[in-house]
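I have placed the structure first, in the form of structure tokens, so that the comments after it can refer back to it.
Counting starts at 1 for both ligands and their atoms, in listed order. Below, each value reflects all heavy atoms present in this structure, side chains not excepted, and no hydrogens, waters or symmetry copies.
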Amino acid sequence: MQRTFSIIKPDATRRNLTGKINAMLEDAGLRIVAQKRIHMSQADAEAFYGVHKERPFFNDLVSFMTSGPVVVQVLEGDDAVLKNRTVMGATNPEDADEGTIRKTFAESIEANSVHGSDSPENAEIEIRFFFSDREIVG
Ligand code: ATP
Ligand code: MG
């Protein structure tokens, strides 16, 4: 059993897609063991995406992620990191496989509806950034 961290991004919450995305996560075999709707601050977004701070899209990404509410989640399941990346689809929705969340819902490479941790180690760090143990109920 593994855990991963997920965000339903502002483009998706704006279009009222939280339930549809959650259904796709659950249908993929993931269990939502923690979830809350928050509005990320500028400092939250800059810290969370700190690995990308030298990238040309960093400022736009921080603006986008603070442009509306997000839903932060902890997902649990066998191979949860990979399972979530698979159901999310490629970063650019034009490259994403049919049936994935990004192919179905994403508006662009930036407004791509969901975030998912890229390794179990990063999942642990990202979960700790947003959740305490008492908020995670498996
Ligand atoms: P995420 O980390 O959100 O799960 P990812 O791992 O598929 O997505 P990363 O390379 O980590 O993609 O990029 C983080 C986020 O930055 C992307 O989800 C996207 O919103 C944005 N992003 C990535 N590349 C670009 C780009 N070329 N132009 C604009 N935004 C981008
Ligand atoms: Mg990433």
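- Within a 6.0 Å sphere centred on NZ of Lys20, heavy atoms belonging to other residues, nucleotides or ligands number 12 at most.
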Go through the steps for Met40 and Phe130 under the test side-chain contact (heavy atoms from CB on, under 4.5 Å), then give the verdict.
CA-CA 10 Å; Met40 288 177 78; Phe130 287 104; 3.8 Å; yes

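- Using a 4.0 Å heavy-atom criterion, the residues that approach ligand 1 are Lys9, Tyr49, His52, Phe57, Leu61, Arg85, Met88, Thr91, Arg102, Ile109, Glu110, Asn112, His115, Gly116.
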Worked verdict on Asp133 versus Arg128 for side-chain contact (heavy atoms from CB on, under 4.5 Å):
CA-CA 9 Å; Asp133 277 337; Arg128 284 294 146 239; 2.9 Å; yes

Using residues 46-62 as the side-chain source, report each donor-acceptor pair under 3.5 Å to any protein atom, sequence neighbours left out, with the distance given to one decimal.
from  : atom 1 : to    : atom 2 : distance (Å)
Glu46 : OE2    : Gln42 : NE2    : 2.9
His52 : ND1    : Arg55 : NH1    : 3.0

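- Atom CG of residue Asp118 and atom CG of residue Leu82 lie 11.5 Å apart, to the nearest 0.5 angstrom.
- Between Thr4 and Ser117, the closest heavy-atom pair is OG1-CB, 3.4 Å.
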